[in-house]
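Notes for the one structure printed next.
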Amino acid sequence: MPLSWNEIKDRALQFSREWADECAEDAEAKSFWDGFFNIFGVSRRRLANFERRVKTVDGRTGYIDLLWKGKLLVEHKSRGKSLDRAHTQATDYFHGLKERELPHYVLVCDFARFRLYDLEENEQHDFLLSELVNHVHLFGFMAGYQTVAYKEQDPINLKAAERMGLLHDKLKSSGYDGHALEVYLVRLVFCLFAEHTGIFEVNQFQDLIEQRTAEDGQDLAQWLANCFEVLNAPHEKRLTHLDPQLAAFRYINGQLFAEHLPTAAFDREMRELLLEGCALDWGRISPAIFGALFQSVMDAKNRRHLGAHYTSETNILKLIKPLFLDELRAEFERVKRQSKSNLFAFQEKLASLKFLDPACGCGNFLVIVYRELRLLELEVLRALFGASKDLSIGVELNIRCNVNQFYGIEIEEFPAQIAQTALWLTDHQMNQLASQEFGINYLRIPLTHSATIRHGNALQVDWCDVVTPAELNYILGNPPFVGSKYMSDAQRTEVASIFYDVKGAGILDFVSAWYRKAADYMKDQPSIKTAFVSTNSVTQGEQVGVLWPDLLKRGVKIHFAHRTFQWSSEAKGKAAVHCVIVGFALYETTNKQLFDYETAQAEAIETKAKNINPYLVDASDTVVSKRNKPICNAPKIGIGNKPIDDGNYLFTTEERDEFINREPAAATYFRRWLGSDEFINGYERWCLWLGKCPPDHLQKMPEAMKRVHAVQRFRLASKSKPTNKLADMPTRFHVENMPNSRYLVIPEVSSEKRRYIPIGFLEPETLASSLVKIVSDATLYHFGVLTSAMHMAWMRTVCGRLESRYRYSVGIVYNNFSWPESITDKQRNKIEQAAQAVLDARDQSPNASLATLYDPLTMPAELVKAHRQLDAAVDAAYSKQKFSGETDRVAFLFERYQQLTAPLDPQPPQRRKRV
């Protein structure tokens, strides 16, 4: 067992006095370093060698004074010699070492002076022998202690994941597969972590492999099997003639090593991979790495199917801080100024809290929650015992929080095992921190408590069987991100069974089912609070109109929310995911927090909200439903043309010219073709429109006839019966929308970086594709209102998203938009004049695309000014009071929507006073 810090300091003082007057390098250096290792309760003889022979960079033979492979290299000099030269000499030896032998630390010393280089942190520490007692914490790695600031992007995390992923692949390719492989890998991870964090003796596991197994790896599996058996056996039940090196390992318990596994098989390369894993500093690894570890050994197909995205610690904190952590910390700040009894009561509260992650994966959320809970408990202990740190009844009795406060459900067995193990590792890291804080050694080994992680399908498992609502305080996590179009048949069936009483539930994404199950679970214990990370689709577009009326009916109240942001993942090959966080309960609260982002990659901006509605805006709980007609007197809107031609009728300018060169008669049938991308970015495409071509003309154009035949074959080959039927008219489109006069175009998809969607007019000679919406009877007035800040605010709030880009829709955005009521001729004229000014400002840059004109960084000043004047004119048509900004406009529009869609309501909602 590692020494306590108090004893280490005592030994350091004694060592400093003993060696205070020594100066001769050759005579006493070896005894000096044997004594130095003894300060930390470890044997130099077992860990490090003197005079290791190596080749230096220039090809000469050198001798390292002392080498602890992979950890520490010491260069010792006589008193008064240059430590700079000693450091140069030490680094020259690196050339002769294997990659896994390279040290983390270099220590140079002349008896009286020490200089420690931390090569990975790029830090240098200088101190005298007499000051050693004040710097022993720098050598915590020698005793199995290490104070670590866990960093999300720490390269050690990725190295560990990659090494274990490679070993996983090698074992799998050898035929060792399935459940046995998963358990085996988890055991190896635990052992690697254990020998770097004081559970095992320093290098104990690595020494067993290096010293007792053959270099070809043939006997490694048997030694590991023996080691696993020992780790599962209490000392009193072990064989009396057990190999001493095996017998030195601790009894672990926790059922981690209980199951008998088939014996694996290793080769030289696999043994080297495991040793490379041993050489990594697992004490620096956050247990949240295990999410990335799991993802690194999954293939892409499984990753897409399961929706397996793993959040970074930063994003996990975005959820847990407003869910409970900020509130707990505020409570701690209050009670620490009160009596000790209140502090003890608060600590008991921390230890009583129970958490459920019903899609826990590898336990990332539970790990970070437990870590933060233990850190807060540590602050409580500091406040209770003060500077004296006198834990008179023992730290074991004073630390109350434990892993059995955590529950999870996970559909895959491997991550479920990792989740449980990761919580044990987190517990040990926190125990190490407490040990350093209070100068004692505290281990919870053998393991006596464990988290409850149920291996099962969370949508089929009764959550009450995992933990009863009466016991639980919080539900949290990151349910699978699988869009409705990508779900498997089994997943569709599960969602349908959850939303059996909800019309239109077939459009809901997979994650929606967790919201409904959480709401149903909480009804028996309304004090439970829940927060999920989700794709932003659940708060955008048509899904809102299906999901949220059901949740609101069940009493769901949103307490906090993060609007759309792009999260980061610790997994290799991570996907860019745009998501939201929604925190809710079945009771109301006055302290509502809304976090918004200027861009999906920006930092969150917090605001207080009176109410957070399903669109995650401060407005009434109004839900917009898909409509076939506008709720106001507005022109009819539709989509453009939809050929279903497999691209045979569409051409670039170069392709058109080449085609006309071969078929000159076709020139008259080409028309300019515009979709969202062409319209916004200003490039040309062309359509061969043969729908009105006389048959006798068509037959005289063989190149055109080839295209017609190709379209007919494509339609006949389709699995869609309507498309098959369309093959009877191969020159016509599936949807034909060709206005006879100037018409308005609204791109379906546009960048979220733009303040305004670029909207404009097209002449009838141009054909619009189905990727734009068109309004045939639009006037300057309609253009002005639709391109105003008022309509943009509405669009941004209720539209769907493609990643984070706006996705304009007819049924949700346009048909539910509240146009100005009782508008005067004067107001209409002002809007028309301002709208024309916008078009005129665009014309001042005839060579610039709309993408350039509406880029926030390149938008011309004249255009900015014109839009501001248009916004003011449109705002004035809605209200005499000025709108303070987008939030105020959105709240106003929701109230108008509620009034327009509930005309029979005897008490329409009161309009909020705008500020």
(request) Walk me through it: do R115 and L107 pass the test side-chain contact (heavy atoms from CB on, under 4.5 Å)? (result) CA-CA 6 Å; R115 181 180 294 168; L107 179 60; 5.8 Å; no
(message) Determine whether F50 and Y63 satisfy the following criterion, ring pair (Phe, Tyr, Trp, His ring centres under 6.0 Å), listing intermediate values before the conclusion.
(response) CA-CA 8 Å; F50 292 122; Y63 293 88; over 10 Å; no
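Between I199 and I252, the closest side-chain pair of non-hydrogen atoms falls below 4.5 Å. Side-chain atoms of F94 and L119, non-hydrogen and from C-beta on, do get closer than 4.5 Å to each other. A heavy-atom distance below 4.5 Å is not found between the side chains of R400 and L350. Side-chain contact between L274 and L224: present, with at least one pair of heavy atoms (C-beta onward) separated by less than 4.5 Å.
Salt bridge R11/E18: absent, no basic N to carboxylate O contact under 4.0 Å. The existence of a salt bridge linking D169 and K172 is excluded, since no basic side-chain nitrogen approaches an acidic carboxylate oxygen closer than 4.0 Å.
Partners of K69 under the salt bridge (charged side-chain N to carboxylate O under 4.0 Å, His left out) rule, at least two apart in sequence or in another chain, are E210. With sequence neighbours left out, the side chain to side chain contact (heavy atoms under 4.5 Å, CB included) criterion links E259 to H179, V183, R187, L261. In this structure, R85 has no side chain to side chain donor-acceptor pair (under 3.5 Å) partners at least two apart in sequence or on a different chain. Residues forming a salt bridge (charged side-chain N to carboxylate O under 4.0 Å, His left out) with E379 (at least two apart in sequence, or on another chain): R329. Under the rule for a side chain to side chain donor-acceptor pair (under 3.5 Å), D92 has no partner lying at least two apart in sequence or in another chain. With sequence neighbours left out, the side chain to side chain contact (heavy atoms under 4.5 Å, CB included) criterion links E131 to F127, L128, H135. Evaluation of the salt bridge (charged side-chain N to carboxylate O under 4.0 Å, His left out) rule for R46 yields E201, D207 as partners, not counting sequence neighbours. Annotation: salt bridge (charged side-chain N to carboxylate O under 4.0 Å, His left out) contacts of D219 (sequence neighbours excluded): none. With sequence neighbours excluded, the residues forming a side chain to side chain donor-acceptor pair (under 3.5 Å) with K55 are T61, listed by chain and number. H95 meets the side chain to side chain donor-acceptor pair (under 3.5 Å) test with no other residue; sequence neighbours excluded.
Judged by distance alone, the side chains of Q417 and E182 never bring a donor and an acceptor atom under 3.5 Å apart. No hydrogens or angles considered: nothing links the side chains of Q14 and D10 as a donor-acceptor pair under 3.5 Å. In this structure, a donor-acceptor pair under 3.5 Å is present between the side chains of H104 and D118. Side chain to side chain, E75 and Q89 meet the donor-acceptor criterion of an N or O pair below 3.5 Å. At a cut-off of 3.5 Å, with distance as the only test, a side-chain donor of N431 or D427 sits close to an acceptor on the other residue. Side-chain atoms of T56 and D58 form a donor-acceptor pair, as typed in the model, at a separation below 3.5 Å.
Applying the salt bridge (Lys or Arg N to Asp or Glu O under 4.0 Å) definition to pairs two or more places apart or across chains, those involving residues 262-272 are R100-E272, K170-E269, E215-R268. For the ring-ring contact (aromatic ring centres under 6.0 Å, His included) condition, no pair includes a residue of residues 258-281, sequence neighbours left out.
Between Y105 and F139, the gap from one ring centroid to the other reaches at least 6.0 Å. Aromatic rings from F32 and F111 are positioned such that their centres are separated by under 6.0 Å.
The main-chain N or O of C401 is found under 3.5 Å from a side-chain atom of E377 such that the two form a donor-acceptor pair. Looking only at distances, a side-chain donor or acceptor of E195 sits under 3.5 Å from a matching main-chain atom of Q204. Not one N or O on the side chain of E313 forms a donor-acceptor pair closer than 3.5 Å with the backbone of N364. No donor-acceptor pair under 3.5 Å is formed between the side chain of W19 and the backbone N or O of A112. Between the Y176 side chain and the P262 main chain, a donor and an acceptor come within less than 3.5 Å of each other.
To the nearest 0.5 Å, atoms CG (N253) and CG (L231) are separated by 11.5 Å.
Residue V230 is tested with R238, R250, H235 for a side-chain contact (heavy atoms from CB on, under 4.5 Å); the sole match is R238.
A tilted orientation is assigned to the rings of F205 and F200, their planes being inclined by 30° to 60°.
The local environment of CD in Q211 is crowded, with over 12 non-hydrogen atoms from other residues, nucleotides or ligands closer than 6.0 Å.
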